[in-house]
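Note that these values count all heavy atoms, side chains included, but never hydrogens, waters or copies made by symmetry.
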Amino acid sequence: MTSELTVESMSGVPDIGLHDDEPHESGLNNKLNWLRAGVLGANDGIVSTAGIVVGVAGATTDRSAILVAGVAGLLAGAFSMAAGEYVSVSTQADSEQALLAKERRELREEPEHELAELAQIYVDKGLSPDLARRVAVELTEHDALGAHAEAELGIDPDDITNAWQAAWASMLSFTVGALLPLLTIVLFAAGARVPVTMVAVAIALAITGWGSARFGYGPTRKAVVRNVAGGLLAMIVTFAVGSLLGTHL
């Protein structure tokens, strides 16, 4: 494979391949940002819309009232998610760009100080001073901004977060997630709509919980359990409140 590190012919060290279950490709920040926004958007769409329609269904059996409430919740939530994600990611991107601009200025005005700073970072990581200096020099000659930004700031200049990408991912995924409880609550008869919606939502939340854990390399069982439990709790509470209000209004 071309992505493997082939160093045996040079140093006698066995070939070391990239781990298949670890991310190494370029552009990873934007890809993970898009996936995160998508999964969280779908999850929020499922839970928030399910809470609305189940709560209204607890108060009334009028299909039109439930549909109107669900569609209103879907639209409000989708635009709110997109706006919130755009503002959040734009703020992060602005901060990253400001830090990169500062780093460019320092590399231009104080190259020796920046080189010493980079070398000290590698010394702190465990390299000897001589080796750290050589590494800093070679990396600076290859890509000064990239080397310093990654080591000092933890930023890849070629992988700045994309606010529009995250916003659209959140909006579309929220809409897709919201459609599930909205359709189940209006397509089934009054006596079955709430239990069917709860079951469908629980299954969908299990999937999004599993997906979020996989993308974040976390334990899937815990993510699924807490995601499903949170969604069921939200629906039970809103249904109880809707039923209570429906009997007194």
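A donor-acceptor pair under 3.5 Å is formed between the side chain of Arg193 and the backbone N or O of Thr61. Between the side chain of Ser170 and the main chain of Ala167, no donor-acceptor pair closer than 3.5 Å is present. Side-chain atoms of Ser88 do not come within 3.5 Å of backbone N or O of Gly84 as any donor-acceptor pair.
Applying the salt bridge (charged side-chain N to carboxylate O under 4.0 Å, His left out) test to pairs two or more places apart or on separate chains, those with a residue in residues 126-140 are Glu112-Arg133.
Using a 4.5 Å cut-off between side-chain heavy atoms of Ile, Leu, Val, Met, Phe, Trp and Tyr, with links allowed through other members, Val201 and Val224 fall into the same hydrophobic cluster. Hydrophobic clustering, with ILVMFWY side chains joined whenever heavy atoms are under 4.5 angstrom apart, keeps Val68 apart from Leu182. No continuous path of ILVMFWY side-chain contacts below 4.5 Å connects Leu180 to Val71, so the two sit in separate hydrophobic clusters.
The structure places CG of Asp44 at 4.5 Å from CE of Met81, a figure rounded to the nearest 0.5 Å. With rounding to the nearest 0.5 Å, the separation of CZ in Phe239 from CG in Leu244 is 11.5 Å. Atom CZ of Arg108 sits about 11.0 Å away from atom CG of Leu145, to the nearest 0.5 Å. Interatomic distance, Lys102 NZ to Arg104 CZ, rounded to the nearest 0.5 Å: 13.0 Å. Between atom OG of residue Ser80 and atom CZ of residue Phe174 there is a gap of 8.0 Å, rounded to the nearest 0.5 Å.
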Distance-only criterion, 3.5 Å: show the donor-acceptor pairs between side-chain atoms of residues 114-125 and protein atoms not counting sequence neighbours.
| residue | atom | partner | partner atom | Å |
| --- | --- | --- | --- | --- |
| Gln120 | NE2 | Asp124 | OD1 | 2.9 |

Under 3.5 Å, which donor-acceptor pairs link side chains of residues 49-56 to any protein atom two or more places apart or in another chain?
| residue | atom | partner | partner atom | Å |
| --- | --- | --- | --- | --- |
| Thr49 | OG1 | Gly45 | O | 2.9 |

Distance-only donor-acceptor hits, side chain of residues 225-236, under 3.5 Å, sequence neighbours excluded:
| residue | atom | partner | partner atom | Å |
| --- | --- | --- | --- | --- |
| Asn227 | OD1 | Asn43 | ND2 | 3.3 |
| Asn227 | ND2 | Asn43 | OD1 | 2.6 |
| Asn227 | ND2 | Leu205 | O | 2.8 |
| Asn227 | ND2 | Thr208 | OG1 | 3.0 |

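The two atoms that bring Pro219 and Ala213 nearest to each other are O-CB, 3.7 Å, heavy atoms only. For Ala166 against Val89, the heavy-atom pair with the smallest separation is CB-CG2, 3.8 Å. In terms of heavy atoms, Ala223 sits closest to Gly209 at CB-O, 3.4 Å.
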Worked verdict on Leu172 versus Val176 for side-chain contact (heavy atoms from CB on, under 4.5 Å): CA-CA 6 Å; Leu172 293 176; Val176 172; 5.5 Å; no
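For Glu150, the salt bridge (charged side-chain N to carboxylate O under 4.0 Å, His left out) criterion is met by no residue, not counting sequence neighbours.
Grouping Ile, Leu, Val, Met, Phe, Trp and Tyr by side-chain contacts under 4.5 Å, direct or through others, puts Val199 with Ile203, Ile207.
Using a 4.5 Å heavy-atom cutoff, the side chains of Glu85 and Met171 are not in contact.
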